[in-house]
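Quantities reported herein were computed from a predicted structural model and do not represent experimental measurements.
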Amino acid sequence: MEEDEIIEFRFDTQLLIEGHGLNEDKIRDYFFSHFEGDCLIAVGDEELIKIHFHTNKPWEVLEYCASLGEIHDIVVEDMIRQSQGKQG
């Protein structure tokens, strides 16, 4: 990534939602209408959904996903730090 490239959404947020009656289409629709971000992936089935999303407010994503079921395998990476070659 070039130094002058601007990252609009800083945090790469990934997690799994485990629950019952999960619906990836409804989850996608909620993300698009409630969160600012890009690169959304919401795939899975009624019991397990994988989420990947770039946002500046990962805590909002985590709060919403936790309302749907148990969340685990949570990764929130700062893409600005990554672009600078830093860890974490």
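Under a 3.5 Å cut-off, the side chain of Glu18 and the backbone N or O of Leu48 do not form any donor-acceptor pair. The closest donor-acceptor contact from the side chain of Asn56 to the backbone of Glu8 lies under 3.5 Å. At least one donor-acceptor pair under 3.5 Å links the side chain of Arg28 to the backbone N or O of Ala42. Without hydrogens or angle criteria, Thr13 side chain to His52 main chain gives no donor-acceptor distance under 3.5 Å.
Within a 6.0 Å sphere centred on NZ of Lys50, other residues, nucleotides and ligands contribute more than 12 heavy atoms. The environment of His20 atom NE2 is sparse: at most 12 non-hydrogen atoms of other residues, nucleotides or ligands sit within 6.0 angstrom.
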Report task. Would you check, one step at a time, whether the test side chain to side chain contact (heavy atoms under 4.5 Å, CB included) holds for Ile27 with Leu68? Result -> CA-CA 9 Å; Ile27 292 170; Leu68 300 175; 3.8 Å; yes

Report task. Decide yes or no on side chain to side chain contact (heavy atoms under 4.5 Å, CB included) for Glu70 and Ile17, but give the supporting numbers first. Result -> CA-CA 6 Å; Glu70 183 179 339; Ile17 309 168; over 6 Å; no

Report task. Evaluate the criterion side chain to side chain contact (heavy atoms under 4.5 Å, CB included) for residue pair Ile49 and Ile51; output intermediate values, then yes/no. Result -> CA-CA 6 Å; Ile49 301 280; Ile51 299 291; 3.8 Å; yes

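Placement of Val76 and Leu16 in two distinct hydrophobic clusters is found when ILVMFWY residues are connected by side-chain heavy-atom separations under 4.5 Å, directly or transitively. If you chain together hydrophobic residues whose side chains sit under 4.5 Å apart, Phe32 and Ile41 never meet in one group.
Ion pairing between Lys26 and Asp29 fails under the 4.0 Å rule for side-chain N and carboxylate O.
Atom NZ of Lys57 is separated from atom CZ of Arg10 by 14.5 Å, given to the nearest 0.5 angstrom. In this structure, the separation between CG on Asp73 and CD on Gln14 is 10.0 Å, given to the nearest 0.5 Å. For the atom pair CD (Glu46) and CG (Leu22), the distance works out to 8.0 Å, reported to the nearest 0.5 Å.
Under the 30°/60° scheme for interplanar angles, the aromatic rings of Phe31 and Phe35 are found to stand perpendicular.
Remark: aromatic rings of Phe9 and Phe53 are distant, center separation not under 6.0 Å.
Using a 4.5 Å heavy-atom threshold, the side chains of Leu15 and Leu62 count as touching.
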